[in-house]
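Shown next, in structure tokens, is the structure this report addresses.
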Amino acid sequence: MKLTSLLAALGMVGLVTVGSTSLHMVHPALNGTAIAAEMKQSGPTVQQKIDLITKNKGQIGSGDQLRRFFYGDLEPIAVQPGGAGMVVNLYNKANDVTFSYCATYDVVVAVKKGRVNTFLASEVK
């Protein structure tokens, strides 16, 4: 009886293995190649990202966009009064753009081309 159970289990494993292999041959998207191809598709350009952040400045979620688009590329260069107390000016050297970010509300309050240490008070309110 034990030998029969062992043979039945091995037979099931063999069927699952063969079935899975043939399914991947028939439907290649199941191999993960389609996912990799989708990830390689070009997303928005850097300028489009900057334009989107500029369009959404002052709105909830703009800080998250900033972090997603420029993760690891932002250098804090100054702190100044504004927003809900203080804002941090973050410089992106690769694109020569400065973002003013309010951490209290997680929003970008100003965007300007070049390295800007201090924004006008009216820009970071």
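Computed from heavy atoms alone, side chains included, the values below leave out hydrogens, waters and symmetry copies.
- Under the 4.0 Å criterion applied to side-chain N and carboxylate O atoms, Asp106 and Arg67 are assigned as salt-bridge partners.
- Remark: Arg68 engages Asp64 in a salt bridge, criterion side-chain N to carboxylate O under 4.0 Å.
- The only member of Ile53, Val107, Val111 that meets side chain to side chain contact (heavy atoms under 4.5 Å, CB included) when paired with Leu66 is Ile53.
- At least one side-chain heavy atom of Leu52 sits under 4.5 Å from a side-chain heavy atom of Phe69.
- In this structure, Phe99 has its ring center no closer than 6.0 Å to that of Tyr91.
- Between Glu123 and Lys112 the shortest side-chain heavy-atom distance falls below 4.5 Å.
- Hydrophobic clustering of Ile, Leu, Val, Met, Phe, Trp and Tyr side chains at less than 4.5 Å, counting indirect connections, keeps Ile77 apart from Val87.
- For Asn95 (side chain) and Val97 (main-chain N/O), no donor-acceptor pair under 3.5 Å exists by modelled atom type.
- Hydrophobic cluster membership differs between Leu120 and Tyr101, with clusters built from Ile, Leu, Val, Met, Phe, Trp and Tyr side chains linked at under 4.5 angstrom.
- Using a 4.5 Å cut-off on side-chain heavy atoms (C-beta onward), Val124 and Gln80 make contact.
- Between Ala110 and Lys57, the shortest heavy-atom contact is CA-CD, 4.2 Å.
- Side-chain contact of Thr98 with Asn89: a donor-acceptor pair under 3.5 Å is absent, judged by distance alone.
- With contacts defined as side-chain heavy-atom distances shorter than 4.5 Å, the pair Glu75/Leu90 does not qualify.
- Side-chain contact check for Asp96 versus Asn92: every heavy-atom pair is 4.5 Å or farther apart.
- If you take CZ on Phe70 and CD on Gln65, they are separated by 10.0 Å, rounding to the nearest 0.5 Å.
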